[in-house]
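Take a look at the structure set out below.
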Amino acid sequence: MTDKTVVIGIGAQKGGTSWLHYFLKHHPQCAMSSIKELHYFDCVEMKRQAFMADIVKTRRAAIFGDPDRTAEIVAPMSYEAAQERFEKWSDLMTHETIDKDAYLNYLLLGSDDASVVGEVTPAYAMLSADSLREMHSVAANTKLIFLMRDPVSRLWSNLRMRAKKRTQTPEDMLAHAFADFAKIQAGGIKGVAWRSDYRTTLDNLKATLPAQDVHVDFFETLFDDGASRICKFLGIDNIEAPVETNVNEGIKIDLPQDLAHQMFVWLKPQYTYVRDMFGQLPAKWTQSMEVYA
């Protein structure tokens, strides 16, 4: 065990998690994993060891395959330290059962005087209540952060990210987006559907964690005073937050009104549930409810 605070960002994908990792990584009182998206708990729960083996191979090539780029990627660590840390993460991805000590020891690597250690993996939002309970018991003071974005905007960003991997033309991207959403409506592409299910994530968090150990926030208000709320939650100094940056945004194309309407109808229970839970929604959410209904 450790007396440090462990913070784990669990999502949502395309909801500000890259910003969260960047902000905490550059906070002087935090030591975040040098690898964003460790995928430890989802790898074990979903039996994704073979899939993650391919991810490890790809990341190893991206980080260490080009010596001229390696120093830039791993800074301020040395090449040797970065390689050692990478191999320890690679070993974690072979686990078939949760080893909380091994996971915690990985997070503590190089943490020195930091009062907070942690990582951000958006896929954790898809975990069962049991896995979230295991995650929360990693250390005596473990805290989880869940960020939500306007559901239609988040899903549209997710669909464009998927399409970007297959094509670069706006016309083909739209075709892929329409096709993928039709599959989601029919019960396919479950990963995207699960990432859109805020209700289940919120229910699991409420059922398994004490309220003081969970911070839920909205993407749309992160760049106002979201950083100060997160600092207060973690008990660290309030510092200036980085400006908004778009990661994996893909080609900018407008969301067709007919697709937006279909997406809203499918996602309406999420809007209703979050509104009922929090009482008030960000302006972007309210706008989507009015425009796309």
Side-chain angles (χ1 to χ4, degrees), residues 1-11 17 19-45 74-78 80-82 84-93 95 97-125 127 129-147 201 204-217 225-242:
M1 280 289 181
T2 178
D3 59 355
K4 296 180 187 290
T5 295
V6 173
V7 59
I8 304 174
I10 67 168
T17 55
W19 175 92
L20 176 65
H21 181 264
Y22 181 90
F23 172 59
L24 294 178
K25 183 179 179 181
H26 290 84
H27 194 291
Q29 293 170 277
C30 299
M32 299 298 287
S33 167
S34 56
I35 297 175
K36 180 180 178 285
E37 302 193 24
L38 293 183
H39 284 287
Y40 183 62
F41 290 93
D42 59 296
C43 182
V44 173
E45 178 179 310
V74 305
M77 285 187 291
S78 67
E80 293 74 18
E84 178 185 6
R85 192 169 300 187
F86 187 92
E87 295 309 321
K88 288 182 181 295
W89 172 66
S90 175
D91 179 67
L92 286 177
M93 294 302 96
H95 291 191
T97 58
I98 296 294
D99 184 337
K100 289 181 283 190
D101 289 337
Y103 174 76
L104 178 59
N105 288 337
Y106 180 85
L107 294 183
L108 291 172
L109 287 172
S111 60
D112 300 327
D113 296 330
S115 60
V116 175
V117 299
E119 61 124 337
V120 178
T121 299
Y124 292 165
L127 292 174
D130 287 341
S131 288
L132 290 176
R133 186 179 294 108
E134 283 282 283
M135 183 186 298
H136 182 246
S137 65
V138 162
N141 189 24
T142 302
K143 295 179 178 292
L144 273 57
I145 296 177
F146 181 50
L147 305 178
T201 302
N204 286 340
L205 289 170
K206 185 176 180 180
T208 57
L209 273 70
Q212 66 268 22
D213 289 343
V214 181
H215 179 72
V216 180
D217 218 318
D225 58 353
S228 64
R229 293 192 295 271
I230 290 170
C231 289
K232 182 178 181 180
F233 171 66
L234 296 176
I236 55 179
D237 295 339
N238 186 18
I239 65 171
E240 185 176 354

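Residue numbers start at 1 and run along the sequence shown. The shown structure was predicted, so the numbers you read here are calculated from the model rather than taken from an experiment.
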How would you list, by chain and number, every residue that makes a ring pair (Phe, Tyr, Trp, His ring centres under 6.0 Å) with Phe41, sequence neighbours excluded? Tyr103, Tyr124
For Arg229, enumerate each residue passing the side-chain contact (heavy atoms from CB on, under 4.5 Å) test, keeping only those at least two apart in sequence or located in another chain. His215, Asp217, Thr221, Asp225
Is there side-chain contact between His26 and Tyr22, with heavy atoms separated by less than 4.5 Å? yes
Listed by chain and number, what are the side chain to side chain donor-acceptor pair (under 3.5 Å) partners of Asn141, not counting sequence neighbours? Thr5
Do any side-chain atoms of residues 107-116 form donor-acceptor pairs under 3.5 angstrom with protein atoms, and if so which ones, sequence neighbours left out?
residue, atom, partner, partner atom, Å
Ser111, OG, Leu108, O, 2.8
Ser115, OG, Gln29, O, 3.4

Value rounded to 0.5 Å, distance of CG in Leu234 from NZ in Lys143: 7.5 Å
Is there side-chain contact between Pro122 and Lys36, with heavy atoms separated by less than 4.5 Å? yes
Within a strict 4.5 Å, meaning less than it, do heavy atoms of the Thr201 and Leu132 side chains meet? no
Compare all side-chain heavy atoms of Tyr40 with those of Val138 and state whether any distance is below 4.5 angstrom. no
With a 4.5 Å cut-off on side-chain heavy atoms, are Met32 and Val7 touching? yes
All side chain to side chain donor-acceptor pair (under 3.5 Å) counterparts of His136, not counting sequence neighbours: Asp213
Quick one: does Ile98's side chain get under 4.5 Å of Lys100's, heavy atoms only? yes
For the CE atom of Met135 and the CG atom of Asp130, what is their distance to the nearest 0.5 Å? 12.0 Å
So does Asp91 pair up with Lys88, basic N to acidic O under 4.0 Å? no
SG of Cys30 to CD1 of Ile239, rounded to nearest 0.5 Å, is 8.0 Å
Do the side chains of Asn204 and Leu127 get nearer than 4.5 Å, heavy atoms only? no
Nearest-0.5 Å distance that lies between atom NE2 in His27 and atom CG in Asn238: 7.5 Å
Contacts of Phe23 that satisfy ring pair (Phe, Tyr, Trp, His ring centres under 6.0 Å) - sequence neighbours left out: Trp19
